[in-house]
Amino acid sequence: GLAVRLRAVIKTYENGVTALGPLDLDVAKGEFISLLGPSGCGKSTALRLIAGLGAPSAGTVSVSHRVNRADGRHPIGFVFQEPTLMPWASVRENVRLPLKLAHATAAEANSRIENALAQVGLSEFADAYPRELSGGMKMRVSLARALVTDPDILLLDEPFAALDEITRFRLNNDLLDLWRKLHKTVVFVTHSVFESVYLSQRVIVMTARPGRLASEFRIATVEP
Ligand code: ADP
Ligand code: ADP
């Protein structure tokens, strides 16, 4: 089945800028796709629309929901380019944030947090503060915060763009391992051709302005 379905989606911002579309996009459940294109082509706009952050100006955005929100789950996890961590809160408390919105009990929340931190390799840093962490580790916290509600769909907006090459490559591999283990649908926004081809099963190439589908291709090497 489909996890995400966009039909003739257009986004025009209040200032009159048409940032996207018309864009048609289907993402299968469990698929790992990349949205690839130059800065300003509307990748983030597409991702935000999939996340339900803002409405399209025209067209339809459908996202599959099989989730009961009362058990600490949420259908979508979002990772921003900047880790956007609360500096006054520990790693554990940063990761807890989405659980407060997802109505998890304290016991449920604690077990989800420990699990998410283990998934990103940060169990030993639960009590650390963001300022004590490297860029790559902050991004891992951000990833844990997105995973903690056990979403069906993981949306990542150029998450590794600010990291050095080696850290970025490690995180690429860890993200692939997580995808293979957790069977999430992943939509990964990047302007790196390498990253899109290395990570995804399918690369959606967007035109510069306004963002439409220019072409797409399947990557035979990336398998679950
Ligand atoms: P990308 O992620 O590919 O860099 P964006 O989706 O961020 O592209 O932006 C696409 C276009 O929409 C750009 O021209 C950008 O300046 C514009 N844009 C993005 N967000 C807003 C906004 N909130 N208000 C007005 N224009 C915006
Ligand atoms: P395989 O399963 O065939 O060993 P890998 O997962 O190790 O494939 O990756 C394929 C190749 O691409 C490896 O040699 C890896 O080192 C290289 N590679 C992947 N990402 C990068 C990168 N960012 N910079 C340099 N080399 C990379």
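The chain is numbered in sequence order, starting from 1.
At least one side-chain heavy atom of Leu156 sits less than 4.5 Å from a side-chain heavy atom of Leu143. Between Arg168 and Glu195, the closest side-chain pair of non-hydrogen atoms falls below 4.5 Å. A heavy-atom distance below 4.5 Å is found between the side chains of Leu99 and Val148. Proximity of Val141 to Pro130: side-chain heavy atoms (C-beta onward) are nowhere separated by under 4.5 Å. Annotation: side chain of Val91 is not in contact with side chain of Met137 (no heavy-atom distance under 4.5 Å).
Of all the heavy atoms in Pro98 and Thr149, the pair that sits closest is CB-CG2, 3.9 Å.
Around atom CZ of Arg209, no more than 12 heavy atoms belonging to other residues, nucleotides or ligands sit under 6.0 Å away. Arg48 CZ: more than 12 foreign heavy atoms inside a 6.0 Å radius.
Using a distance-only test at 3.5 Å, with no hydrogens or angles considered, a donor-acceptor pair links the side chain of Ser57 to the main chain of Thr12. A distance-only check finds no donor-acceptor pair linking the side chain of Ser196 to the backbone of Leu199 [under 3.5 Å]. Under a 3.5 Å cut-off, the side chain of Asn115 and the backbone N or O of Ser111 do not form any donor-acceptor pair. In this structure a side-chain-to-backbone donor-acceptor pair under 3.5 Å is present from Arg73 to Asp150. A donor-acceptor distance shorter than 3.5 angstrom exists from the side chain of Gln201 to the backbone of Phe32, with no hydrogens or angles considered. Counting only distance, with no hydrogens or angles, the side chain of Asp26 and the backbone of Arg5 share no donor-acceptor pair below 3.5 Å. Between the side chain of Lys138 and the backbone N or O of Leu85, no donor-acceptor pair lies under 3.5 Å. With hydrogens and angles disregarded, a donor-acceptor distance shorter than 3.5 Å links the side chain of Lys184 to the backbone of Pro151. Judged purely by atom type and a 3.5 angstrom limit, Lys11 uses its side chain to pair as donor or acceptor with the backbone of Ala55. Trp179 places a side-chain N or O within 3.5 Å of a backbone atom of Gly30 that can act as its donor or acceptor partner.
Clustering ILVMFWY residues whenever any of their side-chain heavy atoms sit less than 4.5 angstrom apart, transitively, puts Leu154 in a cluster other than the one holding Leu49. A single hydrophobic cluster is not seen to contain both Ile219 and Ile33; linkage of ILVMFWY side chains at heavy-atom distances under 4.5 Å, directly or through other members, places them apart. Taking hydrophobic clusters as Ile, Leu, Val, Met, Phe, Trp and Tyr residues chained together by side-chain heavy-atom distances below 4.5 Å, Val189 does not share a cluster with Met139.
A donor atom on one side chain and an acceptor atom on the other are not found under 3.5 Å apart for Tyr198 and Ser192. At a cut-off of 3.5 Å, with distance as the only test, a side-chain donor of Ser200 or Ser34 sits close to an acceptor on the other residue.
To the nearest 0.5 Å, atoms CG (Leu35) and CG (Leu23) are separated by 7.5 Å. In this structure, CD1 in Ile204 is found 8.5 Å from OG in Ser215, a value given to the nearest 0.5 Å. Separating the CZ atom in Phe188 from the CD atom in Glu158 is a distance of 8.5 Å, to the nearest 0.5 Å. Atom-to-atom distance recorded for Leu20:CG and Ser44:OG is 10.5 Å, nearest 0.5 angstrom.
Taking the charged nitrogens against the carboxylate oxygens, Glu93 and Arg96 do have a contact shorter than 4.0 Å, which makes a salt bridge.
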